[in-house]
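Taking it in order: structure first as structure tokens, then the write-up.
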Protein chains: 2
Amino acid sequence: MYKSKRISDSTIHRLSLYYRSLAALEKSGHQTVCSKELGKREKLTPAQVRKDLSFFGSFGTRGLGYPVRELKDKIAEILGINRTWNVAIVGVGNIGSALIGYKEFQKQGFHIRLAFDNDQRKIGSLHKGILISDVKELKPLLRKNGIQMVIVAVPAGSAQAVVDEVVEAGVKAILSFAPTNLKVPEEVFLRTENMAIELEHLSFHLAKPYYRRPARP
Amino acid sequence: MYKSKRISDSTIHRLSLYYRSLAALEKSGHQTVCSKELGKREKLTPAQVRKDLSFFGSFGTRGLGYPVRELKDKIAEILGINRTWNVAIVGVGNIGSALIGYKEFQKQGFHIRLAFDNDQRKIGSLHKGILISDVKELKPLLRKNGIQMVIVAVPAGSAQAVVDEVVEAGVKAILSFAPTNLKVPEEVFLRTENMAIELEHLSFHLAKPYYRRPARP
DNA sequence: GTGCAATTGTGAAACAGTTCACAAACTGAG
DNA sequence: CTCAGTTTGTGAACTGTTTCACAATTGCAC
């Protein structure tokens, strides 16, 4: 039975993985899938799959498994991707520019509606079909366009100032690519992504001598 | 005392955070820092900081704290970023292209030496100072240039084929941005990054009604 | 129908990660 | 040299997550 409880980040992350596997399964014509198969595809134990899903309800049929189409829709609902979201990007440098053109976002219903920069040479120009606005216009434009999520891709030094504006505009979800710590009020959800840290993770594993790889299941 | 043990991903991730805080502290002229201060800067408990560091040795002085410069260097050594790494990027689309120009990599000693694509219009051209090679040349060129890490930024459909080549070339660390599951042999370290999943995480938090935000410390 | 095989949903157990709490070790003042 | 004040390093306790194991259900064959 469904219980309201704190759902862990790892569970949410895995829901996204299940969603992708289910989408693939649906495409290849599967009607149902069991936790064993879904687990195999995502390198997880069947128990993990069942436990994750059980936090949100009971969607399977004993002896048979889960209905692919239905479960996929249910997860979309849980993740809030059964709808579209209005997203803005601040900072049209390397990363920001890449994200504007990133097809996967469109596909999942994340629509990039606005892009901002502080470089006069970029402001007013079209970038992959998006007009780049002056970051000075950030707050009013976010409000006016009903933006719900903002991706911050500016240098570390200017990130906090941008985030403050974004918060003031009433946006409650921010994804930052700035390699710095950011302060946001309690009610705003912030995630920070750092590509360099990902490479450092690789480097740690190559560097040894600390760490031993655990046995695979 | 230093104990060889499986180090958790979270600890490794936090080491990267400490490294950044320490670099900032060094720049601002601090000689020493205590776990309380370091924890405050990264929104972690002092105990967490001390525990993380204790996995690798004992670097502090009781009553005083940690020597900033020394600890920073030590963490660099642990993470393997006290040296340079030769990195190649496969796929010069939105993401790949952004990463080629990403300054933070250079700064941390990750040098992008090669870039590959399968688009004849891109092959042979310079992209932000890097010559784009034909992906058909992948294996020999990785070998010849002593590439130690590869970033895979190709569409989901071609990712496994690329990864197989990369593995055959003897590369032991791969960072993938392809939204798909990849198989690699036991001895190869693979991390998969997926921007869309990050946005789905935001979306989950906005969507409710599942989840209740936990109290902040 | 009945029975067999399959698979879920879920408490309980095991494991992993975090925080506590305190002895040990150091600094600096007097 | 001693003492008060700090802060580390680390077992132990705690908290959270994953895995186990099994009753409860269902599908399907006959």
Side-chain angles (χ1 to χ4, degrees), chain A residues 1-15 17-18 22 25 30-68 70-71 74-75 78 211-217, chain B residues 1-15 17-18 22 25 30-68 70-71 74-75 78 211-217:
Chain A
M1 203 41 232
Y2 165 64
K3 275 178 238 165
S4 182
K5 240 196 117 185
R6 168 74 158 77
I7 303 297
S8 78
D9 282 2
S10 353
T11 293
I12 301 169
H13 189 265
R14 285 191 299 267
L15 287 181
L17 301 180
Y18 302 149
L22 289 164
L25 282 161
H30 290 73
Q31 298 287 313
T32 61
V33 64
C34 61
S35 59
K36 198 173 153 195
E37 172 62 23
L38 202 46
K40 196 174 144 198
R41 289 179 179 242
E42 297 297 339
K43 293 198 202 103
L44 300 165
T45 64
Q48 179 78 83
V49 175
R50 295 200 301 276
K51 183 64 95 177
D52 282 338
L53 296 175
S54 80
F55 291 136
F56 301 98
S58 114
F59 313 118
T61 307
R62 292 170 193 224
L64 191 62
Y66 299 91
V68 170
E70 247 179 86
L71 183 59
K74 188 68 195 174
I75 292 179
I78 293 168
Y211 178 83
R212 281 178 318 205
R213 172 173 287 264
R216 293 254 184 115
Chain B
M1 200 44 232
Y2 166 62
K3 274 180 241 165
S4 181
K5 241 196 117 184
R6 169 71 156 78
I7 304 295
S8 77
D9 281 3
S10 354
T11 293
I12 301 169
H13 190 265
R14 285 191 299 266
L15 287 181
L17 300 180
Y18 302 149
L22 289 164
L25 283 161
H30 290 73
Q31 299 286 312
T32 60
V33 65
C34 61
S35 58
K36 197 173 153 195
E37 171 62 23
L38 202 46
K40 195 175 145 200
R41 289 178 179 240
E42 297 297 340
K43 293 198 204 105
L44 300 165
T45 64
Q48 180 78 81
V49 175
R50 295 202 299 278
K51 184 63 99 180
D52 282 338
L53 296 175
S54 80
F55 291 136
F56 301 99
S58 115
F59 312 119
T61 306
R62 290 168 193 223
L64 191 61
Y66 300 90
V68 170
E70 248 178 84
L71 183 58
K74 188 68 195 174
I75 291 179
I78 293 168
Y211 180 83
R212 280 177 320 203
R213 172 171 288 263
R216 293 254 184 116

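The chains referred to below are lettered A, B, ... by the order of the sequence lines, with proteins before strands, and numbering in each begins at 1.
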Whole-Å distance separating the NZ atom of K74(B) from the P atom of dG9(D): 13 Å
Please state how far atom CG in L53(B) lies from atom P in dT8(D), giving the value in whole angstrom units. 9 Å
Applying side-chain hydrogen bond (donor to acceptor under 3.5 Å, both in side chains), name anything that partners H30(B), two or more places apart in sequence or on another chain. S28(B)
Taking CD from E42(A) and P from dT18(D), how many angstroms apart are they, rounded to a whole number? 15 Å
Applying side-chain hydrogen bond (donor to acceptor under 3.5 Å, both in side chains), name anything that partners E70(A), two or more places apart in sequence or on another chain. none
Less than 4.0 angstrom between a side-chain N/O of Y66(A) and OP1 or OP2 of dG9(C), yes or no? yes
Which dot-bracket notation, 5' to 3', represents the base pairing of DNA chain C when pairs are defined as Watson-Crick or G-U with both distances under 3.5 Å, crossing pairs as [ ], and inter-strand pairs as |? ||||||||||||||||||||||||||||||
d(CD, Q31(A); P, dT7(C)) in whole Å: 16 Å
Quick one, give me the B/S/- string for nucleotides 15-23 of chain C, reading 5' to 3', where B means a protein heavy atom under 4.0 Å from the base and S means that only happens at the primed atoms, P, OP1 or OP2. --SSBBB-B
Output for pair (I75(B) CD1, F59(B) CZ), nearest 0.5 Å, gives 8.0 Å
Rounded to whole Å, the CG-P distance (L64(B) to dG9(D)) equals 11 Å
Using the test side-chain hydrogen bond (donor to acceptor under 3.5 Å, both in side chains), find all partners of Y18(B) that sit at least two apart in sequence or belong to another chain. D52(B)
Suppose the criterion is salt bridge (charged side-chain N to carboxylate O under 4.0 Å, His left out): which pairs have a residue in residues 53-67 of chain A, not counting sequence neighbours? none
Return the OH to CD distance between Y66(B) and E37(B), rounded to the nearest 0.5 Å. 13.5 Å
Roughly how far, to the nearest 0.5 Å, is NZ of K51(A) from OG of S35(A)? 13.0 Å
According to a strict under-4.0 Å criterion, is S58(A) in side-chain N/O contact with OP1 or OP2 of dG9(C)? yes
Measuring from L17(A):CG to L22(A):CG, what's the distance to the nearest 0.5 Å? 10.5 Å
S35(B) side chain near dT8(D) phosphate (N/O to OP1/OP2, under 4.0 Å): yes
State, with a plain yes or no, whether a side-chain heavy atom of R50(B) is found less than 4.5 Å away from one of L53(B). no
Could you give the CG-to-P distance, from L38(A) to dT7(C), as a whole number of Å? 13 Å
